[in-house]
Amino acid sequence: MLEIQAVRNHTENVIKGLEARHIKDASSQVETLLDLDDQRRKIITNLESNRQEMNQTSRSIGKLIGQGKQEEAEAAKSRTSTLKSDIQEEEQMLKTIEENLFNILVSFPNINHPSVPVGKDEKDNVVAFRNDIEVKFDFEAIPHWELATKHDIISWELGVKLTGAGFPVYIGKGARLQRALIAWFLDRAGEAGYVEIQPPLMVNEDSGFGTGQLPDKEGQMYHITAENFFLIPTAEVPITNLFRDTILNEEELPVKRCGYTPCFRREAGSYGKDVKGLNRLHQFDKVEIVHISHPDKSYEVLEQMCDHVMGLLTELGLPFRKLLLCTGDTGFTSAKTFDMEVYSAAQERWLEVSSISNFETFQTNRLKLRFRDESKKTRLLHSLNGSALALPRILAAILENNQQADGSILVPEVLRPYTGFDKIG
RNA sequence: GGAGAGGUGGCAGAGCGGUCGAAUGCGGUGGUCUUGAAAACCAUUGACCUUUGCGGGUCCGGGGGUUCGAAUCCCUCCCUCUCCGCCA
């Protein structure tokens, strides 16, 4: 959620930012917002002076009665009843105005960083880096869903039997390879200074609001109605919410956390080749890194996080590219996002395996996550997170890119200590 | 699932319907003392909103009510803890 002060102080910027995001009627919406804010502050001023008088008068009544001045006490009482109705009326108005204000404010996406290219959709994203690994086959490469079935390491049918489409069952070496990836990712994150967290996989509404899934985006999450809990769509939600309503000391920064969790997404409306095999699932595994940063350092941190993820991809020997997302493709809560995509030689397409974002104060404003600066003032921190990494597409890429002419699949060197085997098949 | 207890400042823990943003202790910070440290002593120590500033206001789990006035009384919702039952 944008800070109202920021909208007030940098109005032009905000309007431009919203327009770059293709928000309809950005400038008139902002105008409405500022108008409401104005009304709000006027009412507060009035309300507070009435309350002041009310407090003082009420207090004097006690004294007057004590002194036996009944008449004066009665006069004061009648004054308070006038004040009381004024106050109630103003409170009601304030409540309405604040609700309207809040509704507009939560509907606004984050404003992009100036370095983010203006664009409409994924076609306008910019390739920021590409490594020089190339995968070529002198035989007919087959996609991972066929490889998985052939080696009996993933069963789509059994997943359907147990639950439904998008819930695959990993078997034998398939399961082991997943576990190896998770362990390796966590170990590497730990080496990079991220403290490992095992959070709950369900969160309450407050948590959903804190990271920006609620309101409005609840359709993307599985909802446990009996308890009003939500299955987490990413570890970002519980791990970032660890710091909800927190004031950190500057010495405690930066805060670095990581965690492995399954992620649950309804993915309503997805279909076609995008959802084939492991490309899009309702439940998948992911290791997430979360960073709470001093506002002056967050863009430095964003690059560090990207470097960490690129390091993983390099060690896995996968062809990848780093994309800077344009304004139209950046997520609702993010100010700047890099996606990492791995090339799948068998599918002949790029697969998104990581998304690394700086949310600046968009989440921390909702979370009330602040720190005390040198002058002892509280200020909002910046929050960032990134997948390091999401499992299914990495698994898909490994299977496809590492397939051999004899049909077997080589396990990347770095994973072998974790898998205990060198190849599948 | 059954029964009970409770939700107050960073923590612990008082609080008569009015002078309570709230005693006290611990912790934190600054100081005195000390070669230094500890101890002791003194002082200080919440967040938010509004205001250029002075100041003012709000907040004792959330919401509502009674009252001139509510942390204190009433209603309601939420949450936590303890015991019993069931159970990995």
Side-chain angles (χ1 to χ4, degrees), chain A residues 1-9 33-102 104-106 198 200-210 214-215 223-230 238 241-253 255 262 361 363-381:
Chain A
M1 189 161 68
L2 297 177
E3 295 160 84
I4 185 69
Q5 298 92 329
V7 181
R8 209 187 296 150
N9 299 333
L33 189 71
L34 289 179
D35 190 48
L36 286 168
D37 181 50
D38 225 44
Q39 290 180 43
R40 168 180 153 263
R41 287 184 292 156
K42 283 206 181 98
I43 289 177
I44 286 176
T45 311
N46 260 322
L47 177 63
E48 288 184 350
S49 73
N50 279 337
R51 278 213 267 239
Q52 183 184 8
E53 193 183 341
M54 181 78 171
N55 288 343
Q56 286 169 354
T57 312
S58 290
R59 238 169 269 159
S60 75
I61 289 172
K63 281 185 197 138
L64 291 170
I65 291 174
Q67 294 163 1
K69 297 175 179 170
Q70 287 303 331
E71 278 175 37
E72 288 176 51
E74 286 308 315
K77 276 192 192 182
S78 79
R79 176 63 185 149
T80 57
S81 72
T82 317
L83 284 169
K84 190 178 180 179
S85 71
D86 286 355
I87 287 171
Q88 280 175 342
E89 199 179 311
E90 283 164 346
E91 279 175 340
Q92 196 48 54
M93 279 162 67
L94 185 64
K95 197 176 160 191
T96 310
I97 286 171
E98 284 184 333
E99 273 168 16
N100 292 339
L101 196 99
F102 176 83
I104 295 179
L105 214 49
V106 288
Q198 276 191 18
L201 304 182
M202 297 177 201
V203 293
N204 57 29
E205 255 180 310
D206 285 345
S207 296
F209 175 78
L214 298 175
H223 189 191
I224 314 286
T225 51
E227 319 286 352
N228 198 24
F229 290 159
F230 295 87
N241 271 283
L242 250 21
F243 300 94
R244 174 151 45 85
D245 289 317
T246 301
I247 300 176
L248 296 167
N249 291 316
E250 202 164 346
E251 313 82 77
E252 297 175 79
L253 301 174
V255 171
T361 60
Q363 290 182 329
T364 56
N365 187 30
R366 295 170 165 233
L367 293 161
K368 301 206 191 333
L369 169 50
R370 293 156 292 170
F371 76 108
R372 227 178 280 285
D373 66 13
E374 321 81 50
S375 58
K376 302 277 181 194
K377 276 229 157 57
T378 56
R379 284 174 64 191
L380 291 174
L381 286 157

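Predicted model only: the values in this text are computed from it and were never measured. Chain A is the first sequence line, chain B the second, and so forth, proteins listed ahead of strands; every chain is numbered from 1.
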Discussion item. Test your reading of the model: is there a side-chain donor-acceptor pair from A:T57 to the backbone of A:T80, 3.5 Å cut-off?
Written reply: no
Worksheet item: Under a 3.5 Å cutoff on both atom distances, Watson-Crick or G-U, what's the dot-bracket for RNA chain B ([ ] crossing, | other strand)?
Response: ((((((((.[[[..)..(.....]]]((((((.......))))))(((((....))))).[[[[[..)....]]]]])))))))....
Worksheet item: Under the 3.5 angstrom rule, does the side chain of A:R40 hit a backbone N or O of A:I97 as a donor-acceptor pair?
Response: no
Worksheet entry | Note, A:E252 side chain near A:F371 side chain (heavy atom, < 4.5 Å) | no
Fill in: Atom pair distance, as rounded to whole Å: CD in A:E98 and P in B:G63
12 Å
Worksheet item: Over how many whole Å does the gap from A:E91 atom CD to B:G65 atom C1' extend?
Response: 14 Å
Worksheet item: Side chains of A:N204 and A:S207: donor-acceptor distance under 3.5 Å anywhere?
Response: yes
Fill in: Test salt bridge (charged side-chain N to carboxylate O under 4.0 Å, His left out) applied to A:E91 - qualifying residues, sequence neighbours left out
A:R51
Worksheet entry | Test item: A:T45 side-chain N/O and A:I43 main-chain N/O as donor-acceptor pair under 3.5 Å | no
Worksheet entry | Check: A:S58 side chain, A:N55 main-chain N or O, donor-acceptor pair, under 3.5 Å | no
Worksheet entry | Nearest-nucleotide 5' precedence on RNA chain B, A:A76 against A:Q88 | A:Q88
Response to the item:
In whole angstroms, the gap separating C1' of B:C48 from CG of A:D245 amounts to 12 Å
Practice prompt. Please report, rounded to the nearest Å, how far the C1' atom of B:C49 is from the CZ atom of A:R51.
Written response: 10 Å
Worksheet item: Is any side-chain nitrogen or oxygen of A:N55 closer than 4.0 Å to OP1 or OP2 of B:U58?
Response: yes
Worksheet entry | d(CG, A:L248; C1', B:A47) in whole Å | 15 Å
Discussion item. Using the salt bridge (charged side-chain N to carboxylate O under 4.0 Å, His left out) criterion, which residues pair with A:D38? Sequence neighbours excluded.
Written reply: A:R41, A:K42
Nucleotides 69-80 of chain B: which of its N/O atoms have a protein N/O under 3.5 Å away?
unit_1: B:G69; atom_1: OP1; unit_2: A:K84; atom_2: NZ; d: 3.2

Worksheet item: So, A:N50 and A:E90: side-chain donor and acceptor under 3.5 Å apart, yes or no?
Response: yes
Worksheet item: Rounded to whole angstrom units, what separation is found between the CG atom of A:L47 and the C1' atom of B:C48?
Response: 15 Å
Fill in: Qualifying residues under side chain to side chain contact (heavy atoms under 4.5 Å, CB included), relative to A:N100, sequence neighbours excluded
A:L36, A:T96
Worksheet item: Think A:R370 has a side-chain N or O under 4.0 angstrom from the OP1 or OP2 of B:A47?
Response: no
Discussion item. Taking any heavy-atom pair under 4.0 Å as a contact, classify A:T378: base, sugar-phosphate, or nothing.
Written reply: sugar-phosphate
Item to complete: Starting from C1' on B:G62, measure out to CG on A:D206 and report it in whole angstrom.
Response: 11 Å
Mind listing the N/O atom pairs, protein and nucleotides 50-56 of chain B, below 3.5 Å?
unit_1: B:U50; atom_1: OP1; unit_2: A:R40; atom_2: NH1; d: 3.4
unit_1: B:U50; atom_1: OP1; unit_2: A:R40; atom_2: NH2; d: 2.9
unit_1: B:U51; atom_1: OP1; unit_2: A:R41; atom_2: NH1; d: 3.0
unit_1: B:G56; atom_1: N2; unit_2: A:E48; atom_2: OE1; d: 2.7
unit_1: B:G56; atom_1: N2; unit_2: A:E48; atom_2: OE2; d: 2.8
unit_1: B:G56; atom_1: N3; unit_2: A:E48; atom_2: OE1; d: 3.4

Worksheet item: How long is the line joining CG of A:D373 and P of B:A47, in whole Å?
Response: 12 Å
Discussion item. Let me spell it out: for each of A:Q56 and A:I247, pick the nucleotide of RNA chain B with the closest heavy atom. Which residue's pick is nearer the 5' end?
Written reply: A:I247
